[in-house]
Amino acid sequence: MNNIYIYDQELSNRRYQKVLEQLETRLTDLGIGGKIYRLAPLTRFEDAIRDEVAKKPKTIVAVGGDALVSRLAGALVGKDIALGFVPIGTSMIGDAFGITLESACRTLAARRLVTLDIGKVDNRHTFLCRAEITTKNPKIIIDGELSVSTEGAATIEAINVIGDEFGYRGAVPRADDGKLNAYILKTQSGFLTKEISQSAFICKQLEIISGVTKVLLDGGIEVAGAKSLEITPRALTAIVGKDRTF
Amino acid sequence: MFTKNASGKDGVETIIGPSVKIEGNFVCQGGIVVEGEVKGTIKTSGFLEIGEKASLSADVTAEEAKIGGEVRGTIKVNGFLEVTPTAKLFGDIEAAFVSIARGALIKGKCVILGGEAKQQKSAAKQKDELTELRDE
């Protein structure tokens with residue numbers, strides 16, 4: 001078995017039927033069809049993926065949203081299996097990888113492989129694009145050397161790679177540079193508008209000493225707390241489009 | 001929008017925003033913009049901009065710099081140093097070229113090395129690089 005397609009749980013909804021039929025036809029036409037695994041509400045993702053990985057396919061493709069591809073990426077770290085993605089709906093990871101629903105089949109057929117870094121939270125969770133940490137009076141240590149603190153509410157974003165819509169100043173995040181781009185964003189109320197003041201750093205590791213209230217990975221996976229964020233360089237092979245942002 | 005270059009569009013790699021405090025030794029290759037508080041040292045082989053409201057208790061080394069805030073510590077700039085009217089500098093300054101605007105406060109020794117010193121430095125740097133390459 002060369003390709004396994006993991007369908008997001010949400011895709012069992014009838015409104016996706018036509019899209020999926022078209023997708024499957026196109027994949028078959030291009031000669032890259034494969035086994036379809038539909039995630040169900042009671043399926044344990046980790047168990048399902050472990051079973052599929054054990055079959056040693058060439059590619060496992062996430063069909064669905066960012067949360068699915070993010071979790072799949074975490075499961076494929078260090079494995080000799082390429083990650084593919086067919087985004088259904090708006091997708092930050094799709095934007096970063098240069099893949100849309102329309103271009104996904106061509107991208108999979110072209111099989112443009114890149115080796116990517118992956119972000120890790122507390123050595124337990126992974127993220128492909130970004131970790132968004134809501135904090136109050138945060139204190140963080142960057143690369144074990146630099147102590148950074150601020151007062152009040154702030155959002156810390158640790159970014160591995162991002163789509164074009166992201167417009168902060170500072171260095172461009174790249175998924176293959178072995179580094180995380182960390183942003184500390186504070187909203188300041190002005191007369192009519194809210195201005196965002198921004199700090200930006202490039203690092204390999206972030207230790208959050210205090211202030212975490214909420215952690216969201218790749219825009220959809222909420223985890224309980226975060227003490228340490230780091231980057232694992234060149235951890236994963238993925239199929240990307242030519243319009244990728246890195 | 002991001003470009004595919006390693007640094008941002010304006011060459012800025014690191015930004016220390018207002019109301020952010022930093023302690024430690026900060027070393028960086030790209031441009032740095034400081035608008036907050038820093039205690040420790042800052043070293044960059046790129047451009048350093050210190051904003052009007054920034055406050056540094058730090059020794060600073062940069063390739064080029066524009067300073068508009070308060071700095072307590074020595075400042076070494078290989079190229080051009082621009083001191084704007086709002087700057088308050090308490091410490092020694094060394095740079096190849098310096099421009100000091102009216103209104104700026106400087107308490108310390110100011111050494112202007114001129115173009116020759118910069119050329120000598122870059123020649124020495126090139127020589128070191130060549131030696132390193134030969135050794136490899």
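Letters A, B, ... mirror the listed sequences (proteins, then strands); counts begin at 1. Heavy atoms only: backbone and side chains are in, while hydrogens, waters and symmetry mates are out.
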* Asked: Does the side chain of B:Ser55 pick up a donor-acceptor pair with the side chain of B:Arg72 at under 3.5 Å?
  -> no

* Asked: Under a 4.5 Å heavy-atom cut-off, does chain A meet the side chain of B:Val33, its backbone, both or neither?
  -> side chain

* Quick one: is the NZ or CZ of A:Arg244 closer than 6.0 Å to the six-membered ring centre of A:Phe97, and within 45° of its axis? -> no

* Name the member of B:Glu35, B:Glu37, B:Lys21 that forms the most heavy-atom pairs with chain A at distances under 4.5 Å. => B:Lys21

* To do: Pick whichever of B:Asn25, B:Ile16, B:Ile22 has the most heavy-atom pairs under 4.5 Å with chain A.
  => B:Ile22

* **Side-chain H-bond candidate by donor/acceptor type, B:Glu63 with B:Asn78, under 3.5 Å** => yes

* Just by distance, with hydrogens left out, do B:Thr74 and B:Asp59 show a side-chain donor and acceptor under 3.5 Å apart? -> yes

